[in-house]
Amino acid sequence: MSETIIEKVKLQLTDALLKALKTAQEKGELTEAADVSVNIEQPRDKNHGDYSSNLAMVLARGQKKAPRMVADTLIRCLDTSGTCISRCEVAGAGFINFYLDKSWLYPVIAAIQAQGGAYGKSDMGKGKKYMVEFVSANPTGPMHMGNARGGALGDCLAELLRWAGYDVTREFYVNDAGNQIEKFANSLEARYLQIYLGEDAVAFPEDGYQGADITQHAGDFAQIYKDKYVGTDTAERKEALVRYALEKNVAALKKDLGTYRINFDVWFRESSLYESGEVAQTIEIFKNNGHTYEKDGALWFRATDFGEEKDEVLIRANGIPTYFAADVAYHRNKILARGFDKVIDIWGADHYGHVARMKGALKAVGIDPEKLDVIIVQLVRLISAGEVVRMSKRTGKAVTLNDLLDEVSIDAARFFFNLRQSDSHLDFDLDLAVEQSSENPVYYVQYAHARICSILALLESEGVSVPDAAHLRLDLLGEPQELELLAKLAELPDEVKAAALSYEPCRLTRYCIDLAALFHSFYTACRVRCEDKDLTAVRLKLCDCVRMVLANVLAMLSITAPERM
RNA sequence: GUGCCUGUAGCUCAGUUGGAUAGAGCAACUGCCUUCUAAGCAGUAGGUCCUGGGUUCGAAUCCCCGCAGGCACGCCA
């Protein structure tokens, strides 16, 4: 895949400007300029042309001339022959505005026809191995709103990166070791023993998990094994309970995420890092590199040597490595053992403080911290009837992913969670998300797709099918609505690249809202089915291209593209 | 207290990495269906870009003093 239509035209404009500069210098009208970088941008205001450049303003200082004079000179020396430039002028403080011949956009039709469901893809990533690790909810219970947002974000980001030419792996990190599993075990044990010894006879741990799911697991376990584990020693009992409940929970996570249209390539177990000895090995590296010391019976990492405010414990006084130690081992595994070029972690805002520590630790064990990018997802506020929802009515606990999907369609959830940048707080309006109206952006976009399908079906029933791009009178496309649609269609490949580079799937939702808006305008202004057969044909083709592009973007977001609504 | 993030229309948010008269959607108001889906379109109105300095041809954007809100600072994960 070579450069996109937009990249081509920018190159053409850049080239023309540089030649004009050279010509002006040869004629002695402008002096030599050091390292000129030509910036071509799309003006906000359509009256300012299709593209514009600030070159004259950048040059002005070195030339000791007014920007507008430099611009005048450049335009006079500009050779537009063989380009798509139809007109250019000086405007504002010294901008050079380019007005292009409308035909520059026509090739997008053939491009979309040729690439179809792959239109928008690029090889920018050159097949580099990227991992997106996301959700990674504690397997001790169900998923909450943060997981729901992180899930939608991570999944769409992974897909976006794939479209941009990266080799992407989706991974879920199962925290099945360490402290919180210990808590999980103690809670299960207490509930189990309470069944046989009575609630008063067995104290429930202070910091235990209170949830009904724990009691449920203990009950189910008792159904199968009866009182077999009442008399055994506590370690054996807890191990059996955890093995049972954990697998149930992981299976439930898989199922719930699958329903949410998220399928992970790898479910990576924290416990495997202990079994393989990688945690111990990682701690050895810290020691060998001279970044550790012992204090109060614990082994510390001298994080302050890496710009941190505090040192970190690697091994507790009780001999158990910290989550932090295991996490460093995990990232060594990702980057060294499995050779990912880039590891992207999606964490909740409450893990913010962990980012710098993690990067410092990677440096300490000899890994380039640049290999790790962390995306922080801000927490979600649910809004219902204009008020903040804090608790789930059903469980009395935090609202879970399943609670949300009871209220809202999967399409709406995935769309809404990708509407905003991840680092901004998100208000999720439950009433809006279920509303079937123009206020709801998901429906707005899907409606555009359905409308197009409806036109295609109508004309098809009259014997008019979508024509081949080669047999079209493309020059009949000239209405502003038509040209703007073409321009937006042409942007997709560039938009995918930009979104992938900045890790912002929200650019895709915005893109398809924009595209849908342009289509709706076109629909009102231009009739597809009309007297002129050639015009019908070319507009029908345009509709089909919009349909294809909407479908492609929605596919990237794993949102359905209905044919009728 | 220390560090990080955020502050843009009544509300929710964009703002092309320093560019032109700061933009959308919702809410408000005015119009548009005998013709391809009105779940739509066209238009009007709405601003101290948190305050105050600085950098320069030019600042919502970059730098400093404040103000307000959020988060993080455990031998938790």
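Numbers restart at 1 for each chain; the letters A, B, ... are given by sequence-line order, proteins then strands.
Residues meeting the ring pair (Phe, Tyr, Trp, His ring centres under 6.0 Å) test with A:Phe301, sequence neighbours left out: A:Phe286, A:Phe306. For A:Glu312, the salt bridge (charged side-chain N to carboxylate O under 4.0 Å, His left out) test picks out A:Arg357, with sequence neighbours left out. Taking the salt bridge (charged side-chain N to carboxylate O under 4.0 Å, His left out) definition, one finds that A:Arg302 meets it with A:Asp305, sequence neighbours left out. Residues meeting the side-chain hydrogen bond (donor to acceptor under 3.5 Å, both in side chains) test with A:Arg269, sequence neighbours left out: A:Glu247. Partners of A:Pro321 by side-chain contact (heavy atoms from CB on, under 4.5 Å), not counting sequence neighbours, listed by chain and number: A:Tyr274, A:Val279, A:Ile283, A:Ala325. Qualifying salt bridge (charged side-chain N to carboxylate O under 4.0 Å, His left out) partners for A:Glu41, counting only residues two or more places apart in sequence or in other chains: none.
Sorted by first then second residue, the salt bridge (charged side-chain N to carboxylate O under 4.0 Å, His left out) pairs that include residues 450-467 of chain A, not counting sequence neighbours, are A:Glu462-A:Arg529. Evaluation of the ring pair (Phe, Tyr, Trp, His ring centres under 6.0 Å) test over residues 45-67 of chain A, restricted to residues two or more places apart or in two chains, returns A:Tyr51-A:Trp104. Sorted by first then second residue, the side chain to side chain donor-acceptor pair (under 3.5 Å) pairs that include residues 480-496 of chain A, not counting sequence neighbours, are A:Thr4-A:Asp494, A:Glu482-A:Arg539, A:Lys488-A:Glu491, A:Glu495-A:Arg507.
The same atom, P, is picked in B:C49 and in B:A22; the two are 10 Å apart, to the nearest Å.
Using the Watson-Crick or G-U wobble rule with both distances under 3.5 Å, B:A38 pairs with nothing in any strand shown. Across all strands shown, B:U16 forms no Watson-Crick or G-U wobble pair with both distances under 3.5 Å. With a cut-off of 3.5 Å on both pairing distances, the Watson-Crick or G-U wobble partner of B:G1 is B:C73. Checking B:G43 for Watson-Crick or G-U wobble geometry (two distances, each under 3.5 Å) identifies B:C29 as its partner.
Using a 4.0 Å heavy-atom criterion, one finds that A:Glu563 contacts the bases of the nucleic acid, with or without backbone contacts as well. Base contact: A:Ala450 has a heavy atom under 4.0 Å from a base atom. Residue A:Gln42 is classed as a base contact, given a heavy-atom separation below 4.0 Å to a base. Within 4.0 Å (heavy atoms only), A:Gln446 reaches no atom of the nucleic acid at all.
Within residues 45-54 of chain A, the residues having any heavy atom under 4.0 Å from RNA chain B are, by residue number, A:His48, A:Ser52, A:Asn54. Near-neighbour residues of RNA chain B inside residues 500-529 of chain A, defined by a heavy atom below 4.0 Å, number-ordered: A:Arg510, A:His520, A:Ser521, A:Tyr523, A:Thr524, A:Cys526, A:Arg527, A:Val528, A:Arg529.
When distances are taken from the side chain of A:Gln180 to each of B:A77, B:G19, B:A14, the shortest belongs to B:A77. When distances are taken from the side chain of A:Asn179 to each of B:C76, B:C75, B:G19, the shortest belongs to B:C76. The side chain of A:Tyr447 lies closest to B:A38, out of B:A77, B:A38, B:C36. The side chain of A:Asp296 sits closest to B:C75 out of B:C75, B:U37, B:A77.
Other residues, nucleotides and ligands contribute over 12 non-hydrogen atoms within 6.0 Å of the CD atom of A:Glu284.
Ion pairing between A:Asp345 and A:Lys334 holds under the 4.0 Å rule for side-chain N and carboxylate O.
For B:C50, the O4'-C1' to base torsion is more than 90° from 0; the nucleotide is therefore anti.
Across A:Pro505 and A:Cys156, no two heavy atoms sit closer than the pair CB-CB, 3.9 Å.
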Using a cut-off of under 3.5 Å, enumerate the N/O to N/O pairs linking the protein to nucleotides 69-73 of chain B.
from, atom 1, to, atom 2, distance (Å)
B:C71, O2', A:Ala349, O, 3.4
B:C73, O3', A:Lys310, NZ, 2.6
B:C73, O2', A:Lys310, NZ, 2.7

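Regarding A:Ile455, its CD1 atom lies at a distance of 15 Å from the P atom of B:U35, rounded to whole Å. Straight-line distance from the CD atom of A:Glu182 to the P atom of B:C76: 12 Å, rounded to whole Å.
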